[in-house]
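Data block below; observations after.
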Amino acid sequence: AGALTRTHGGALPRAEAEDEPLDVKQLQHHAEKVRIAQAAVALMHDGETIILDSGTTTAEIARALRKADLKSINVITNALNVAALLMDVPAVRLIMLGGILRRESNSLSGPMAAAALANLQADRLYLGADGVDPDIGVMTPHLQEAELNAQMIRVAREVVVVADSSKLIRRNISLIANVEQIHRLIKDDGALAPAVEALGRRGV
C-alpha cells in the first residue's frame, strides 16, 4: 500500500516529504477527520456554493454532507472520490472541474481545471492540507495541485483549512496559501496549542 519502504531485513517509514496513497491516508486519523467534517458541514447553509478540494478530509466532508439537512447547495470539486460520494444526493448541484487525473489523490488539475474555475465564484472553500505551518501557511507536495488550489482561493470569499493535528507544524515543497489568506482552521483537539495560538495571532 506504500506505507513502508522495504529494506534489507526490515522496513522503514516513508520519508515525510513523500506523498502517501489515498487508501493509506484515509485510514490515518480517521475519527478526527470525521469530527472535522461534521464541524465543516455545520458551517454550510442552503443556497451556498462551496468548493471541496481533493483529499481524505474533504472526502469525509462529502460523506457528512450526504446526511446534512440541506435543501439546496452547489458543490464545486476537482476530486473524483468527492464527486462519487455526492452524485446521488438530491440537495447537491455538483460541478466538476476537468483536467489531468492524478491517481494517487483521485484529483483533476492542470490548465483545464484552472480555466473552468476562472468563471466561477464560491462562498467557501474547504481546503485540505499536507502541511500547515503557522509561520508560512498551507503546503502540499504537488506543484500543479498547489496552482489549482491558489485559483480556488481567488474565487472563494472564505477559506477554511481542514487539517487533523498530524498536519500542523509540518512543511512541504509547494506553498498553497499564506497564513493571511486563511480565514478558519478546523482541527482536532490533538493540535499543538502553540501552533493554534500562533495562527490565531495572525488572524485565523
Side-chain angles (χ1 to χ4, degrees), residues 25-26 29-79 81-97 107 117 120-132 134 137-140 145 148-168 176-193 195-204:
K25 282 185 174 182
Q26 67 188 5
H29 308 281
H30 181 255
E32 291 89 339
K33 289 174 183 176
V34 169
R35 291 196 297 275
I36 288 167
Q38 289 166 350
V41 170
L43 296 174
M44 297 179 193
H45 303 287
D46 278 318
E48 284 189 329
T49 297
I50 66 162
I51 303 174
L52 288 181
D53 175 33
S54 62
T56 52
T57 307
T58 49
E60 287 302 331
I61 294 174
R63 252 186 212 97
L65 187 51
R66 290 180 63 84
K67 302 171 189 170
D69 186 23
L70 292 168
K71 294 180 178 65
S72 176
I73 191 163
N74 301 314
V75 178
I76 302 166
T77 188
N78 66 318
N81 58 332
V82 168
L85 285 163
L86 295 176
M87 62 189 295
D88 62 345
V89 181
V92 173
R93 185 184 184 201
L94 185 62
I95 302 155
M96 280 293 300
L97 303 177
S107 64
L117 198 54
L120 300 173
Q121 293 293 315
D123 296 290
R124 193 176 304 109
L125 162 63
Y126 291 96
L127 184 63
D130 288 278
V132 182
V138 184
M139 286 161 277
T140 178
E145 289 189 11
L148 182 61
N149 290 151
Q151 175 78 352
M152 289 175 174
I153 289 167
R154 282 193 287 273
V155 304
R157 282 177 23 201
E158 184 182 22
V159 177
V160 180
V161 173
V162 288
D164 66 75
S165 54
S166 70
K167 310 291 177 58
L168 261 71
I176 297 171
N178 297 313
V179 174
E180 288 72 23
Q181 294 175 283
I182 306 166
H183 297 98
R184 297 182 194 232
L185 168 69
I186 303 180
K187 48 82 182 175
D188 60 77
D189 290 338
L192 293 171
V196 174
E197 289 164 7
L199 288 165
R201 284 194 298 272
R202 296 184 66 181
V204 179

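Being a predicted model, the structure only gives us computed values, none of them experimental.
For CZ of Arg93, the number of neighbouring non-hydrogen atoms (other residues, nucleotides, ligands) closer than 6.0 Å is 12 at most. Within 6.0 Å of the CG atom in Asp69, the count of heavy atoms belonging to other residues, nucleotides or ligands does not exceed 12. Counting heavy atoms of neighbouring residues, nucleotides and ligands inside a 6.0 Å radius, atom CG of Asp46 exceeds 12 of them.
No donor-acceptor distance shorter than 3.5 angstrom exists from the side chain of His183 to the backbone of Val160, with no hydrogens or angles considered. Asn178 contributes no side-chain N or O that, together with a main-chain N or O of Glu180, makes up a donor-acceptor pair within less than 3.5 Å. A donor-acceptor pair is defined here as one N or O able to donate and one able to accept, closer than 3.5 Å; no such pair exists between the side chain of Ser107 and the backbone of Asn78.
Side-chain contact annotation: Arg154 with Gln151, donor-acceptor N/O pair under 3.5 Å present.
Considering every non-hydrogen atom in both Asp53 and Thr58, the closest pair reads O-OG1, 2.6 Å. Here the closest non-hydrogen pair linking Lys33 and Thr56 is NZ-OG1, 2.8 Å. Of all heavy-atom pairs spanning Ile61 and Ala40, the tightest one is CD1-CB, 3.7 Å. Of all heavy-atom pairs spanning Leu168 and Ala195, the tightest one is CD2-CB, 3.9 Å. Residues Met87 and Ala84 share a closest heavy-atom pair of CG-O, 3.5 Å.
Going from atom CG of Asp164 over to atom CD of Glu32 covers 6.5 Å, rounded to the nearest 0.5 Å. Considering CZ of Arg35 and NE2 of His30, their distance stands at 11.0 Å, rounded to 0.5 Å. Atom CG of Leu192 and atom CD of Glu197 lie 10.5 Å apart (nearest 0.5 Å).
Side-chain atoms of Asp88 and Arg66, non-hydrogen and from C-beta on, do get closer than 4.5 Å to each other. Annotation: side chain of Arg124 is not in contact with side chain of Ile51 (no heavy-atom distance under 4.5 Å).
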